[in-house]
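Note that this is a predicted model, so its numbers are computed, not measured. Letters A, B, ... are given to chains in the order of the sequence lines, protein chains preceding strands, and every chain is numbered from 1.
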Protein chains: 2
Amino acid sequence: MMRVRDALAEGNTAVNRTTLKDVADHVGVSAKTVSNVVNGTGWVSPELQERVREALVSLGYRPNAAARQLRSGRSGMVAVALPELSQPYFAELASELVRAAQDRSITVLINQTNGDRDSERRLSDGVGLPVMDGLILSALALNADDLAHRLDTTPLVLLGEHIGQSPFPHVTVDNTLAARAATDHLIARGRKRIAAIGAQVEGPNETSMLRLAGYREALTAAGLPLDDDLVMTVEAFHRSDGASAANRLLDSGVGFDAVFAFNDLLALGAMHALAERGVHVPADVAVIGFDDIDEGRYSTPTLTSVSPDKAAIARIALDLVLEPGPAIETSIPFKIIKRASA
Amino acid sequence: MMRVRDALAEGNTAVNRTTLKDVADHVGVSAKTVSNVVNGTGWVSPELQERVREALVSLGYRPNAAARQLRSGRSGMVAVALPELSQPYFAELASELVRAAQDRSITVLINQTNGDRDSERRLSDGVGLPVMDGLILSALALNADDLAHRLDTTPLVLLGEHIGQSPFPHVTVDNTLAARAATDHLIARGRKRIAAIGAQVEGPNETSMLRLAGYREALTAAGLPLDDDLVMTVEAFHRSDGASAANRLLDSGVGFDAVFAFNDLLALGAMHALAERGVHVPADVAVIGFDDIDEGRYSTPTLTSVSPDKAAIARIALDLVLEPGPAIETSIPFKIIKRASA
DNA sequence: CTTTCGTAGTTCATCGTTGAACGAATGATG
DNA sequence: CATCATTCGTTCAACGATGAACTACGAAAG
């Protein structure tokens, strides 16, 4: 008899795994009949079903996903590619996607691109991935050209950043509208010198530009002047960028009584820097962020933020990727969550 | 020359993905020869290799992972199961695992168990998963019995919580030692009334108990009394639990000048509550956490924390799962990162 | 001159599962 | 009684890639 070690030496990982045929031989029927019992297809008499089911359990049968997928073309898996799991927004989004997928009894494979164009392109081409039923991609660096020359034909849904005239469905909040709402909130609080933290001059910056546009729209609509000295550029959307932007703002000596940060990490970094320099939030400077990450509920002070409906993003993206339709753009609802910072 | 669109138009029943045979026909060789070129096996003349490689690129060939895996038994994928991606510690750990896996050119499939025993058991049995080369499981609710009756034979590595006399390798920090170091740090700062936040009376609580033991060891070694009124239990390790524990501590009227929180989220929640009640950190109460999540570097005040080497956890866990060895327990190094809160 | 060896490929079977197509009973219907 | 539908199950051929075994040919070795 072949021992486990011998099998391992052969390089076979799934050692001794029970197959349909094993179960079939045990019961004395054909493999297909067992397959029918497992999948509820075809006709099998109740008594036989019972016997097969017993054998399935006692032999510990579990279907081989690779074979199943090779045959049927379906994998029951959807890949999700996000820039950075260590960013709370993406981690929370991933969490929602996993949850939504579980509801549909499919498995989510999560990948991390680091916002790297090569990684994103390779993922969208399905390189190095098992064959998937779909791909949900939150791309930062990918461009329309990459998508036009995509090798893979698996359904693709894009999140967040907008990519040119892409022929794929896209799920996102209306960044301009949401940014305008955030700025309006500060204006309604009586703030007149509102700084924006999160402009980006190079790299992937579509989100940044849309939020900046919303910020400017709100100011203009309120009859407030646009002062470029109040617009702080950042390299990335991390806490450290927010902190450095706030410090530059303070160093510059330009007066401001509010900050609209383009995401919560920037806002939290900025609040941290403000606190260190003795500026009180919200007394001296009101701060509003974007994303409504959990952390903002426990910061000091708690962070007011634009809250996109992450569960809806997850749900809709999954539906679109599993049931491919036209390349429509879906706008996700958002709310302003009022907390202590503004 | 046949263009890609023509190939598509031929209507391969499955998907229009290029197979080895397509490439082989195009070049006029056997499928196996193309396979040899792709994998660098066998002997293929340089000129032919060149021609095949051209065809591979022009036809956009990508290997079918399911077929490859069905044949070879290897999938190039490792599953990682974590309780909650929305918890920064796990998100950061996942991020490190993805990075470490990329270095070894393997893919990581991330799952979320919600700390649910059923989910954990099903994962450890490989139910609903593609055949994997290994599983890295951070289990909360799984018990030794579940593991003993594991159906799957995929290499398994456990993270964090210790599970009985498990026959599987285990990677974790020495919780007791680290907790003692954290408490020692507070003692060295001259604190005498040190509260602990994070004791757990029911549910999965091994980590909690070990950290509590370390806390007590440190107090005893320093000749400080053990006061149960200073030990706060929590339901989970979330910010809200930390906040409520801090509030209960304040409400109880028991005096304390320091808090050792069993993780950073508890610490941040506690700091938030303390700030709301006008208690200054670290002037009135010093706070130290555990995990060293990124957020602690930008909280107000910044959070001193026990920092387990997450990159090392990821690296070692991957090595152990890919190169199965004895069921050893690996202790991960940690550091105390001193910031403003203690 | 035969044998061995190295190179450069081929063919074939197979991994585990499932769709398609095909019996073989049983009972109902005209 | 012949015909047809229904039920219950079977066999067969793939899905795409690859290890094992085999062919063919020239060159070197004995």
Original post:
Atom CG of Asn64(B) to atom C1' of dT17(C): distance rounded to whole Å?
Top reply: 14 Å
**OP:** May I ask you to say whether Arg17(B) pairs ionically with Asp22(B), meaning some side-chain N is under 4.0 Å from a carboxylate O?
**Re:** no
Original post:
Tell me: CG of Leu70(A) to P of dC15(C), nearest whole Å?
Top reply: 13 Å
**OP:** Round to the nearest Å and state the distance from Arg74(A) atom CZ to dC15(D) atom P.
**Re:** 18 Å
**OP:** Figure out the NZ/C1' separation between Lys21(B) and dA14(D), and round it to whole Å.
**Re:** 14 Å
Original post:
Over how many whole Å does the gap from Leu20(B) atom CG to dG9(C) atom P extend?
Top reply: 16 Å
Original post:
Can a salt bridge be assigned to the pair Asp125(A) and Arg150(A) using a cut-off of 4.0 Å between side-chain N and carboxylate O?
Top reply: no
Original post:
Rounded to whole angstroms, how far apart are OH on Tyr61(A) and C1' on dT18(C)?
Top reply: 10 Å
Subject >> Below 4.0 Å: OP1/OP2 of dT10(C) and any side-chain N or O of Ser30(B) >> reply: yes
**OP:** Assign each of Lys32(B) and Ala66(B) to its nearest nucleotide of DNA chain D by heavy atoms, then name whichever residue's nucleotide is nearer the 5' end.
**Re:** Ala66(B)
Subject >> Short N-O contact, Arg315(B) and Asp103(B), less than 4.0 angstrom >> reply: no
**OP:** Give, ordered by number, those residues of residues 33-55 of chain A having at least one heavy-atom distance below 4.0 Å to an atom of DNA chain C; if nothing qualifies, reply none.
**Re:** Ser35(A), Asn39(A)
**OP:** For Leu56(A) and dT17(C), give me the distance from atom CG to atom C1', rounded to whole Å.
**Re:** 14 Å
Original post:
Leu147(B) and Leu142(B): which non-hydrogen atoms are nearest, and at how many Å?
Top reply: CD2-CD2, 3.6 Å
Using atom names, set out every protein N or O paired with an N or O of nucleotides 21-25 of chain C below 3.5 Å, distance rounded to 0.1 Å.
none

Original post:
Taking OP1 and OP2 of dA14(D), is either one under 4.0 Å from a side-chain nitrogen or oxygen of Arg71(A)?
Top reply: no
**OP:** Inspect the contact between Lys21(B) and Asp25(B) and indicate whether a charged nitrogen and a carboxylate oxygen are less than 4.0 angstrom apart.
**Re:** yes
Subject >> Atom pair distance, as rounded to whole Å: CG in Leu59(B) and C1' in dG16(D) >> reply: 16 Å
**OP:** State whether the side chain of Gln49(B) and the backbone N or O of Val44(B) hold a donor-acceptor pair below 3.5 Å, judged by distance alone.
**Re:** yes
**OP:** To the nearest 10°, let me know how far the axis at one end of the helix from dC1(C)-dG30(D) to dG30(C)-dC1(D) is tilted from the axis at the other, five pairs an end.
**Re:** 60°
**OP:** Answer yes if the side chains of Asn39(A) and Thr41(A) hold a donor-acceptor pair under 3.5 Å, and no otherwise.
**Re:** no
**OP:** Output yes when a side-chain donor or acceptor of Glu92(A) lies under 3.5 Å from a complementary backbone atom of Lys310(A), and no otherwise.
**Re:** no
**OP:** Determine whether the side chains of Ser95(B) and Gln112(A) contain a donor N or O and an acceptor N or O closer than 3.5 Å.
**Re:** yes
Subject >> Salt-bridge present (Arg121(B), Asp118(B); N to O < 4.0 Å) >> reply: yes
Original post:
Taking the side chain from His170(A) and the backbone from Ala327(A), do they hold a donor-acceptor pair closer than 3.5 Å?
Top reply: no
